[in-house]
Each structure stands twice: as C-alpha cells, then as structure tokens.
Amino acid sequence: MKKILFIALIPCVLFVCRTEAQKQVSDAQITYRIKVDLPEGAPAAAAAQFENSHLVYAFKNYLFRSDMYVGQKTYSNIRNSRDHTAVSLIDNGGPVKYLIRFDPQELAKESSRFDGITFKDGNGTRKIAGYACREATGQLKDGTTFTLYYTPELLTEDTDYNDRFKGLKGIPLEFETTTRHHVTMTMTATDVSLAPQPRSVFAVPTSGYREISYSELQRLR
C-alpha cells in the first residue's frame, strides 16, 4: 500500500516542481542585439547601416511596447491587450515622423498572418542572457517556419502581447524575423530586467508625429 501511494504521488510532485520553476512576469524589459543576414554581394555600406541595431521589449500587465533601432531609423509599437488596440510610431530619420492607430479590426488584419501559429519543441538547448532556453520551431498557416529559443523559466502575465508568439510556453530570447524586403534578422537577448516598468514607457506621444490612417500606411508601404 505504501509503495502504491508513493508511485501515485510522483506525478503530483513533478507537476509542483515544474509549476514553481516558472515565474509569471507582469513587468519586464528585454534588450536584444540584431544580427542581419544580407544577400551575398551586398555592399559594405549596407552592412554598416545595421551596426549597433537592437530591439527592446517592455511589458507591464496588459501593456506591451517594442522599439527596433536600425541605423538612423526607429520603429515602435505600443499594444493594449485589454482593448485590443495598438499604435505604431515610425521615425525614418527624416523630417516627418508618423503615428498610426490600429482599432481591433485593423490590428487583427495586421497580425492575421500569425493566426493559427503552432510551436514544436526541438532538441536544442542554449543559455541566453542567463536563462536556460529550449529550441522550438514556429509554423504559420502558410507553411512558413522559423526557429527560436525560449525560456520556460519566464511566462508573461499577458499571453497576447505579440501574435508572433501566441501559445509559446515561455518568453523568446532568440528568434528570427524576415522583413518585407526579404532580409532575415536574428534577435538575441543580451539583457533581461524584471524591474517595474513606468507607465510613461507605454504613453502615446501627443506631439512630434504626423498621424496617418491605417489605409494611408498601406499606401506608404
């Protein structure tokens, strides 16, 4: 009887260990370095413009912000998962900076390519920014795949912060993305801070930007 009871308790003990090992994160900031894979034969000047490029993710409860710094350009997104809206900020280094607001329908259209995304763990493991990470492959509904490494040690309180990672059982600390011009970028975390994030980080600018509509953004692209 004692032996049966011991065996029956094993799954419960293992479940508790796994649950306690994962920390739910409500506030965090992650900095990623960006490695750009340019086409063969690309001029040195093209490579130089990507030097020191980096990406910053910031989380606070249902708020999420990403800032990508590439050369003289900055692309920012602020997302509110509570009301399913978002704002994009575009600074191309010129005299005019753009602000675009997305309502729930426009946001759904913008992220529709990630609808139904699935993740499958691989065999690879790495330590990134001090966290143990697992390899995973993301697959889109059109069959496109991308590789990433995520840490199961951390899980965001808001699981809808980024449709690219919806359903992933942890925070991605290395991942690939391909631009509209077919340039592949690899983002690798260099720093993870779990310090409280000021609400001002997620505030939408009230000046300095020209506001355009979602349809105008489509034409600019």
Side-chain angles (χ1 to χ4, degrees), residues 28-39 42-43 45-60 62-115 117 140 144 146 156 158 160-166 172 175-191 197-221:
Q29 184 181 86
I30 305 174
T31 302
Y32 302 81
R33 70 170 179 270
I34 301 177
K35 177 180 176 295
V36 180
D37 294 324
L38 293 172
Q49 71 174 325
F50 291 105
E51 287 184 7
N52 302 316
S53 296
H54 62 285
L55 170 71
V56 178
Y57 276 0
F59 306 84
K60 188 173 188 67
Y62 57 89
L63 299 172
F64 169 69
R65 176 169 181 149
S66 66
D67 294 282
M68 181 183 288
Y69 303 91
V70 181
Q72 299 299 313
K73 303 177 181 180
T74 305
Y75 305 99
S76 303
N77 291 284
I78 304 170
R79 180 164 178 163
N80 184 322
S81 293
R82 179 171 289 178
D83 59 16
H84 304 288
T85 60
V87 171
S88 282
L89 307 172
I90 301 174
D91 181 357
N92 284 321
V96 181
K97 298 186 290 185
Y98 298 97
L99 183 153
I100 307 95
R101 299 179 192 272
F102 298 82
D103 63 26
Q105 292 73 32
E106 292 165 342
L107 185 58
K109 181 178 179 181
E110 188 72 6
S111 59
S112 61
R113 66 185 295 251
F114 298 111
D115 290 348
I117 191 170
L140 307 184
T144 303
F146 64 95
T156 55
D158 174 20
D160 293 332
Y161 71 95
N162 190 323
D163 294 289
R164 179 189 298 273
F165 306 120
K166 195 165 187 177
F175 61 94
E176 301 170 352
T177 185
T178 302
T179 70
R180 296 178 185 274
H181 302 291
H182 307 291
V183 174
T184 299
M185 298 180 171
T186 302
M187 323 295 191
T188 305
T190 56
D191 181 72
Q197 299 299 299
R199 278 195 168 270
S200 58
V201 169
F202 309 92
V204 178
T206 57
S207 63
Y209 288 81
R210 176 188 166 194
E211 186 166 344
I212 61 174
S213 67
Y214 179 63
S215 58
E216 288 178 292
L217 173 65
Q218 299 291 70
R219 288 196 292 272
L220 284 175
R221 286 171 172 170

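The structure presented is a predicted model; accordingly, all values stated were derived computationally and were not measured.
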Answer yes if the side chains of [X] and [Y] hold a donor-acceptor pair under 3.5 Å, and no otherwise.
{"X": "Glu216", "Y": "Tyr98", "value": "no"}
{"X": "Asp158", "Y": "Ser81", "value": "yes"}
{"X": "Arg113", "Y": "Thr144", "value": "no"}

Do you know the tightest heavy-atom contact between [X] and [Y]?
{"X": "Phe102", "Y": "Ser88", "answer": "CE1-OG, 3.3 Å"}
{"X": "Glu176", "Y": "Arg164", "answer": "O-NH1, 3.9 Å"}
{"X": "Gln197", "Y": "Ala28", "answer": "CG-O, 3.5 Å"}
{"X": "Gly71", "Y": "Ser53", "answer": "N-OG, 3.9 Å"}

So do the side chains of [X] and [Y] get within less than 4.5 Å of each other, counting heavy atoms only?
{"X": "Ile34", "Y": "Val36", "result": "yes"}
{"X": "Arg79", "Y": "Leu107", "result": "yes"}
{"X": "Gln29", "Y": "Val56", "result": "yes"}
{"X": "Ile212", "Y": "Leu99", "result": "no"}
{"X": "Tyr209", "Y": "Val87", "result": "no"}

Residues that Tyr75 engages under ring-ring contact (aromatic ring centres under 6.0 Å, His included), provided they are two or more places apart:
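Tyr75 satisfies ring-ring contact (aromatic ring centres under 6.0 Å, His included) with no other residue.
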Who pairs with Phe64 by ring-ring contact (aromatic ring centres under 6.0 Å, His included), at least two apart in sequence or on another chain?
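Once residues adjacent in sequence are excluded, the partners of Phe64 under the ring-ring contact (aromatic ring centres under 6.0 Å, His included) criterion are Tyr57, Phe59, Tyr161.
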If only atom types and distance count, is the side chain of Asn92 paired as donor or acceptor with the main-chain N or O of Gly94 below 3.5 Å?
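No, Asn92 side chain to Gly94 backbone: no donor-acceptor pair under 3.5 Å.
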Test your reading of the model: is there a side-chain donor-acceptor pair from Arg65 to the backbone of Val201, 3.5 Å cut-off?
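Pair found, side chain donor or acceptor close to backbone of Val201.
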Working to the nearest 0.5 angstrom, can you tell me the gap between [X] [atom1] and [Y] [atom2]?
{"X": "Arg210", "Y": "Ile100", "atom1": "CZ", "atom2": "CD1", "answer": "10.0 Å"}
{"X": "Arg199", "Y": "Lys60", "atom1": "CZ", "atom2": "NZ", "answer": "6.5 Å"}
{"X": "Thr74", "Y": "Ile90", "atom1": "OG1", "atom2": "CD1", "answer": "11.0 Å"}
{"X": "Phe146", "Y": "Ile117", "atom1": "CZ", "atom2": "CD1", "answer": "4.0 Å"}
{"X": "Glu106", "Y": "His84", "atom1": "CD", "atom2": "NE2", "answer": "15.0 Å"}
{"X": "Ile30", "Y": "Thr190", "atom1": "CD1", "atom2": "OG1", "answer": "10.0 Å"}

Are more than 12 heavy atoms from other residues, nucleotides or ligands located less than 6.0 Å from atom CG of Asp83?
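Yes, because the 6.0 Å sphere around CG of Asp83 holds more than 12 heavy atoms from other groups.
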Working note: Asn80 + Leu63, criterion side-chain contact (heavy atoms from CB on, under 4.5 Å); need CA distance, chi angles, decisive distance, verdict.
CA-CA 5 Å; Asn80 184 322; Leu63 299 172; 3.9 Å; yes
Sequence-distant partners of Lys35, salt bridge (Lys or Arg N to Asp or Glu O under 4.0 Å), two or more places apart:
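Counting only residues at least two positions away or on another chain, Lys35 forms a salt bridge (Lys or Arg N to Asp or Glu O under 4.0 Å) with Asp37.
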Let me know which of Met187, Met185, Met68 forms a side chain to side chain contact (heavy atoms under 4.5 Å, CB included) with Tyr32.
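Running side chain to side chain contact (heavy atoms under 4.5 Å, CB included) over Met187, Met185, Met68 with Tyr32 returns exactly one hit, Met187.
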Could you go step by step and tell me if Arg101 and Val204 meet the side-chain contact (heavy atoms from CB on, under 4.5 Å) rule?
CA-CA 10 Å; Arg101 299 179 192 272; Val204 178; 4.1 Å; yes
